[in-house]
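Below: the structure, in structure tokens.
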Amino acid sequence: MYCINTENFQSFALVKQLIKIKSPIPKIDTHELYKAINLKSLNKRRNYSKSQLEKLINFFDLFNQKDKKLIKEIIEIRLNNEFDSDIYYSSVFANIIHYKKHLKEYISEIPKRKGEISFKEMFGGQKDDKNHRLNNFVNLAYFVNLDLNVPEIQSLSNGVDYYEWLLNLKSFDYSKFKPYWVLEYLTQNYIKKFREIKEVKMSLEKYLIKKKSKGVTDAYLQIYGETIDLK
């Protein structure tokens, strides 16, 4: 039996990493899981805190089949009664819910709100046209291979070239492409998608042949697993 110490979340991180890399997961006592999440049992009639729901999602694969079914019901009830984009996002990646469920609600929460400013704008005094909710949406869209060529999704770019690019990797006007864009949010889903689009690789190579950039060079290596011959 593998015990999860509720006072030491390093053990949580360890188990989560094991799940991520598909390593054999040690047997974990159900009561230890409940204790770590600060629950006595699962009950779909209970009102769970967001923190508790996030833990249920993060360690979903550690539960038995009966509990997994109940967790799915708990998540669905929460999203139906009080939609939360973070819970939706995590649940899709954990394969707890299908992305099509609540997708419209998720998309509706992406645009920047009136008067909303980023940390960069607040503390750095610099204009910031990035939208972290849109970054996450693109990550999810790449993950589920969502068709992005629909008006309600295309409008999310709000005329920002960076998002025009992310939402139209194949058809984007690459004369407007900025190589440092690949450094913004380089998740595994972004990497996988970039590899599929030859225009991304060609544009990065064209840039790196002419200029030196450690950041872009490192990103190129991370994406393609190779360096380019600059001779």
Side-chain angles (χ1 to χ4, degrees), residues 12 15-22 25 30 33-34 36-39 41-114 116 130-158 160 163-164 166-170 185-194 196:
F12 263 125
V15 175
K16 189 173 181 181
Q17 185 65 17
L18 288 173
I19 295 172
K20 182 178 179 181
I21 62 176
K22 307 298 183 182
I25 301 172
T30 301
L33 276 172
Y34 289 159
I37 301 170
N38 199 23
L39 295 174
S41 62
L42 292 172
N43 187 327
K44 63 182 179 181
R45 293 185 178 87
R46 175 174 177 161
N47 185 24
Y48 293 88
S49 69
K50 184 171 181 176
S51 175
Q52 289 172 326
L53 290 175
E54 287 173 340
K55 290 175 184 176
L56 289 174
I57 294 167
N58 285 338
F59 304 105
F60 179 74
D61 286 341
L62 300 179
F63 288 92
N64 59 44
Q65 292 303 313
K66 181 181 178 181
D67 282 347
K68 284 182 178 180
K69 182 178 179 180
L70 188 52
I71 291 170
K72 287 185 177 183
E73 293 178 2
I74 289 169
I75 297 299
E76 280 288 2
I77 290 171
R78 171 60 182 270
L79 292 174
N80 286 331
N81 294 339
E82 185 182 353
F83 182 77
D84 185 293
S85 59
D86 295 329
I87 297 299
Y88 167 84
Y89 180 82
S90 299
S91 297
V92 170
F93 278 100
N95 294 312
I96 295 174
I97 65 170
H98 194 279
Y99 78 89
K100 289 184 178 179
K101 292 185 177 181
H102 309 284
L103 179 61
K104 289 185 177 180
E105 294 165 273
Y106 181 59
I107 290 175
S108 72
E109 293 196 358
I110 293 172
K112 281 191 173 183
R113 304 174 183 96
K114 186 177 181 179
E116 180 181 355
K130 299 301 187 296
N131 178 344
H132 76 276
R133 291 187 297 276
L134 185 48
N135 294 342
N136 285 342
F137 167 75
V138 173
N139 191 42
L140 182 143
Y142 289 170
F143 175 68
V144 301
N145 200 28
L146 182 67
D147 180 11
L148 300 176
N149 193 28
V150 292
E152 58 265 34
I153 292 178
Q154 288 294 313
S155 65
L156 294 172
S157 69
N158 200 30
V160 177
Y163 293 117
E164 291 279 354
L166 289 177
L167 297 177
N168 303 277
L169 288 174
K170 186 70 176 176
Y185 197 64
L186 199 56
T187 70
Q188 288 303 309
N189 299 304
Y190 277 55
I191 288 173
K192 182 179 178 181
K193 184 61 69 173
F194 292 166
E196 297 172 1

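Just so it is clear, the model here is predicted, and its values are computed rather than measured.
From Lys50, atom NZ reaches atom CG of Asp86 across 3.5 Å, with rounding to the nearest 0.5 Å. In this structure, Lys170 NZ and Glu196 CD are separated by 10.5 Å, a value rounded to the nearest 0.5 Å. Distance CD1/Ile71 to CG/Leu53: 10.0 Å, rounded to 0.5 Å. For the atom pair Ile57 CD1 and Asn95 CG, the distance stands at 12.0 Å (nearest 0.5 Å). Atom CD of Glu54 sits about 8.5 Å away from atom OG of Ser49, to the nearest 0.5 Å. Here Ser91 contributes atom OG and Leu56 contributes atom CG; the two are 9.5 Å apart, rounded to the nearest 0.5 Å.
Between the side chains of Tyr89 and Asp84, not a single donor N or O lies within less than 3.5 Å of an accepting N or O.
For the pair Tyr106/Val92, no side-chain contact is recorded, criterion being any heavy-atom separation below 4.5 Å from C-beta on. Side-chain contact between Asn158 and Asn131: absent, with no pair of heavy atoms (C-beta onward) separated by less than 4.5 Å. Between Ile191 and Tyr142, the closest side-chain pair of non-hydrogen atoms is not below 4.5 Å. Put simply, the side chain of Ile97 does not reach to within 4.5 Å of the side chain of Lys72, judged on heavy atoms. By the 4.5 Å heavy-atom criterion applied to side chains, Gln188 and Lys192 are not counted as neighbours. Between Asn189 and Phe93, the closest side-chain pair of non-hydrogen atoms falls below 4.5 Å. For the pair Tyr185/Asn136, a side-chain contact is recorded, criterion being any heavy-atom separation below 4.5 Å from C-beta on. By the 4.5 Å heavy-atom criterion applied to side chains, Asn168 and Gln154 are counted as neighbours.
The number of heavy atoms from other shown groups lying within 6.0 Å of NZ (Lys101) does not exceed 12. Counting non-hydrogen atoms of neighbouring residues, nucleotides and ligands closer than 6.0 angstrom, the CG atom of Asn47 reaches no more than 12 such neighbours.
Considering Leu156, Ile107, Leu166 in turn, Leu156 is the only one that fulfils the side-chain contact (heavy atoms from CB on, under 4.5 Å) rule with Leu134. The residue from Phe83, Phe137, Tyr88 that alone fulfils the side-chain contact (heavy atoms from CB on, under 4.5 Å) condition with Glu109 is Phe83.
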(request) Determine, stepwise, if the pair Leu146 / Leu103 fulfils side chain to side chain contact (heavy atoms under 4.5 Å, CB included). (result) CA-CA 11 Å; Leu146 182 67; Leu103 179 61; 4.1 Å; yes
(message) For Phe60 and Ile75: C-alpha separation, side-chain torsions, deciding distance, then whether side chain to side chain contact (heavy atoms under 4.5 Å, CB included) applies.
(response) CA-CA 11 Å; Phe60 179 74; Ile75 297 299; over 6 Å; no
(message) What verdict does the side chain to side chain contact (heavy atoms under 4.5 Å, CB included) test give for Tyr190 and Thr187, after you've listed the backbone C-alpha separation in whole Å, the side-chain angles of each residue and the deciding distance to 0.1 Å?
(response) CA-CA 5 Å; Tyr190 277 55; Thr187 70; 3.1 Å; yes
(request) Evaluate side chain to side chain contact (heavy atoms under 4.5 Å, CB included) for Phe194 paired with Leu169, printing each intermediate quantity in order. (result) CA-CA 8 Å; Phe194 292 166; Leu169 288 174; 4.1 Å; yes
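Nearest heavy atoms, Glu105 versus Leu79: OE2-O, 4.3 Å. The two residues Asn149 and Asp147 come nearest to each other via the heavy atoms N-OD1, 3.0 Å.
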